[in-house]
Structures are given as C-alpha cells and as structure tokens.
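Reading through the structure tokens given below for one structure.
Residue indices begin at 1 and follow the sequence shown.
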Amino acid sequence: MEYENKLTFQVYGARALFSDPVSRVGGEKFSYMFPTYQALKGITESIYWKPSIVWRIIRVRVMNKIQMESSGIRPIRYNANTNDLSYYTYLKDVCYHVEVQFEWNKNRPELKNDWNEDKHFQIAKRSIEKGGRRDVFLGTRECQAYVEPCIFDEGSGHYDEEKELTFGYSFHSFIYPDEQENDGYQGLTACFWRPVMKKGVIEFIQPEETELKRNIYKSTKKDFIPNENFTFTKEVIE
C-alpha cells in the first residue's frame, strides 16, 4: 500500500442533534453530548462514499464547549396529517476534529476491480477539501454542517486538560446487512457501548466490538448483478 489511508477533517455548525433514542418515545428529541459513531460515519459518507468501501471512524476530538439549547418544533403527527408540538434539545456551536479510514467491503467481491486504495484516498482527500460531495448534516436535516481539512491535534480544544469524562450507556452504530462479516447478525443490528472522553478525545471501538447488540429486523444484503442492476464503467473493468 502506497498510502496509509487515514484522513482527518473538521466538521462544524451552529447546531447538532445526535438524538438519544430513549428521548424519542414521546415525540421529542434530546441530543447526546457528543457525536455518535454512526453520525460521524454518515457525515464521512456524505463527503465521499462508494459501495466498494466501508468507512471506519477512529476517533473524534471535541473542540468547543458542550452547550445545549431547546427549541419549539411543530412536527407532523404520526397518525394524522396535522402538526404536533414538541421541544427538541440541540447542541449549539459545535466543532469536531474527526479521524477516519476506509477498508474494502468484503461482501462486494463483484466490485473487487474497484479496490484501488490510492484512487479512493485521493478522491476522498479532494472531497474533504471541497467541503464534501453531498450536503453534510450534524445528526438531522435542520443542522447544516461544514467540512474542511485539518490536522487532528492542532489547535486548542475546550477539554484538552480534562482528564476523563464518561457519558454512560449510549447508542454506537448500526451494522447493516451489506457490511456484515459475521453471519450471526442476520440483518440490521443496533450496537451500544459506554463512551469515555479523555482530554477531549473519544477513541471509538468498532461496531463488532461493542458490548451489546440488538437485532432490529432480519434481512440479507442486496447483491449487485453485472448488467442486470448495475454496469461496470470502463475504468473499473480495466
């Protein structure tokens, strides 16, 4: 491998909502105090993604002070075409340094010709410099985010001198059927863990390593069949 395929970027915005699933039962949303692995993976995939790769989140650095603000929202009722009244509690003025890397999706052997590390590394790097290929959001659609390159350890963060903060039992990520390497999951799986922030940095374990997993529903991956539901480009064929 010519390159170590780790990339870093800064993502920031006026608001963020990494909603705790426990708070959503009554129709309201309350944000975790930190971005989840799944939220950061979604941000990274908005920057650049192909079905032949899987993004792994290594760590995140919390740069700004953790602050919350509540806002009155009028969402659509689940059982009627009318508005309801709710309060959403957001994080405000957030900024994170994120370190990621990609690996090949071994469940996509039909895309093996696209396993070119240098190509994906350079495209992802340019995508970060351009602010992402798609719109980037911090948890939900109303929380617009902005992306730019950074060096992970540069700059001063609010929690650089804080030895350790624990956040309790939290949602970590989903394991999707097309990314599963262990046949025991058999479908969409939710993963939970106990995050700890040390000197402003949360080191992520990977979804397979989480201590609690809950199967949401059984499903199998969708296969790509050449010339039936997808077509190789000339670049990939060669």
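In terms of the salt bridge (charged side-chain N to carboxylate O under 4.0 Å, His left out) criterion, residue partners of R59 (sequence neighbours excluded) are, by chain and number, E99. Not a single side-chain hydrogen bond (donor to acceptor under 3.5 Å, both in side chains) links T8 to another residue, sequence neighbours left out. Checked against salt bridge (charged side-chain N to carboxylate O under 4.0 Å, His left out), E129 has no partners two or more places apart in sequence or in another chain. Checked against side chain to side chain contact (heavy atoms under 4.5 Å, CB included), S127 has the following partners two or more places apart in sequence or in another chain: I47, Y48, I123, R133. Evaluation of the side-chain hydrogen bond (donor to acceptor under 3.5 Å, both in side chains) rule for N64 yields no partner, not counting sequence neighbours. Residues passing the salt bridge (charged side-chain N to carboxylate O under 4.0 Å, His left out) test with K6 are E4, sequence neighbours excluded. When the side chain to side chain contact (heavy atoms under 4.5 Å, CB included) test is applied to Y88, the partners found at least two apart in sequence or on another chain are L17, K29, I73, P75, S86, Y90, E142.
Cluster partners of V54, using a side-chain heavy-atom cutoff of under 4.5 Å among ILVMFWY residues and allowing indirect links: none. Cluster note: Y87 groups with no other residue, as no ILVMFWY side-chain heavy atom lies under 4.5 Å from it.
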Contacts table for residues 161-173: side-chain donor-acceptor under 3.5 angstrom, sequence neighbours left out:
| unit_1 | atom_1 | unit_2 | atom_2 | d |
| --- | --- | --- | --- | --- |
| S170 | OG | G168 | O | 3.1 |
| H172 | NE2 | I205 | O | 2.8 |

Which donor-acceptor pairs under 3.5 Å do side chains of residues 145-158 form with protein atoms, sequence neighbours excluded?
| unit_1 | atom_1 | unit_2 | atom_2 | d |
| --- | --- | --- | --- | --- |
| E148 | OE1 | Y12 | OH | 3.3 |
| E148 | OE2 | Q10 | NE2 | 3.0 |

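Using a 4.0 Å cut-off between charged side-chain N and carboxylate O, E203 and K198 make no salt bridge. Salt bridge E208/K213: absent, no basic N to carboxylate O contact under 4.0 Å.
Applying the side chain to side chain donor-acceptor pair (under 3.5 Å) test to pairs two or more places apart or on separate chains, those with a residue in residues 36-45 are Y37-Q206, K41-E179.
The aromatic ring centroids of H120 and W104 lie less than 6.0 Å from each other.
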